[in-house]
Amino acid sequence: MDRDYETEVIGYIMERYPIRKRWYRPELKQATKEWTLSADFQFLPEDAHDFLNDVFEHFNIEHSGFDGRNYFEYEYPFWQKRPSPEPDIKPLTIEMIIESAKAGVWLYD
């Protein structure tokens with residue numbers, strides 16, 4: 001019998017990172033694979049890294065190729081120049097985590 005990674009990943013996320021009710025989407029009671037870390041979880045970059053490190057470790061996802069700068073907009077101190085050109089921020093979805101858990105390695109970037 002094949003593992004149901006979608007159920008496992010979403011279940012783990014729901015258990016460890018419960019959904020906060022949002023005024024603009026009060027009907028949501030369960031994370032879905034379409035959810036993104038920036039729009040639906042609204043993590044700060046450092047919190048998103050902690051979240052992903054936890055998920056990568058729990059599901060034994062090799063993630064040496066992961067670069068958070070592709071997925072999170074960083075805040076730079078006023079004295080530090082932003083990179084030029086500014087990178088395009090890509091959405092990071094739960095589905096990407098599910099597919100990487102199946103493969104055992106981060107598949108994107």
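Just so you know, residue 1 is the first one in the sequence shown, and it goes up from there. Remember, predicted model here, so these are calculated numbers, not experimental data.
- M96 CE to T36 OG1: the interatomic distance, rounded to the nearest 0.5 Å, is 10.5 Å.
- Rounding to the nearest 0.5 Å places CD1 of I10 at 9.5 Å from CD of E95.
- Among residues two or more places apart in sequence or in another chain, the side-chain contact (heavy atoms from CB on, under 4.5 Å) test is passed with H58 by Y12.
- Applying the salt bridge (Lys or Arg N to Asp or Glu O under 4.0 Å) test to residues at least two apart or on different chains, the pairs with a partner in residues 50-64 are R16-D54.
- Remark: D4 engages no residue in a salt bridge (charged side-chain N to carboxylate O under 4.0 Å, His left out) (not counting sequence neighbours).
- S100 places a side-chain N or O within 3.5 Å of a backbone atom of L107 that can act as its donor or acceptor partner.
- Across every non-hydrogen atom of Y5 and A101, the tightest pair is CE2-O, 3.6 Å.
- Aromatic rings of F66 and Y71 (six-membered ring for Trp) have centroids within the 6.0 Å cut-off, being under it.
- A donor-acceptor contact shorter than 3.5 Å links the side chain of D109 to the backbone of D67.
- Shown here are the ring pair (Phe, Tyr, Trp, His ring centres under 6.0 Å) partners of F51, two or more places apart in sequence or in another chain: Y17, F41, F43.
- For E46, the side-chain contact (heavy atoms from CB on, under 4.5 Å) partners at least two apart in sequence or on another chain are L44.
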Problem - Test side-chain contact (heavy atoms from CB on, under 4.5 Å) applied to H63 and N53, step by step - result: CA-CA 9 Å; H63 60 281; N53 282 332; 3.7 Å; yes
Handout entry: Verdict with supporting geometry, I97 and L92, side-chain contact (heavy atoms from CB on, under 4.5 Å)
Key = CA-CA 8 Å; I97 296 169; L92 194 158; 4.2 Å; yes
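- Taking CD1 from I13 and CD1 from I98, the interatomic distance works out to 7.0 Å, rounded to the nearest 0.5 Å.
- Across all their heavy atoms, I94 and V9 have their closest contact at CG2-CG1, 4.2 Å.
- Taking the salt bridge (charged side-chain N to carboxylate O under 4.0 Å, His left out) definition, one finds that K102 meets it with E99, sequence neighbours left out.
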Exercise for the section: Run the numbers on L37 and F72 for side-chain contact (heavy atoms from CB on, under 4.5 Å), then give the verdict. Expected result: CA-CA 9 Å; L37 266 62; F72 313 114; 4.1 Å; yes
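- For the pair T93 and E34, the tightest heavy-atom approach, listed with the atom from each and the gap, is CG2-O, 4.0 Å.
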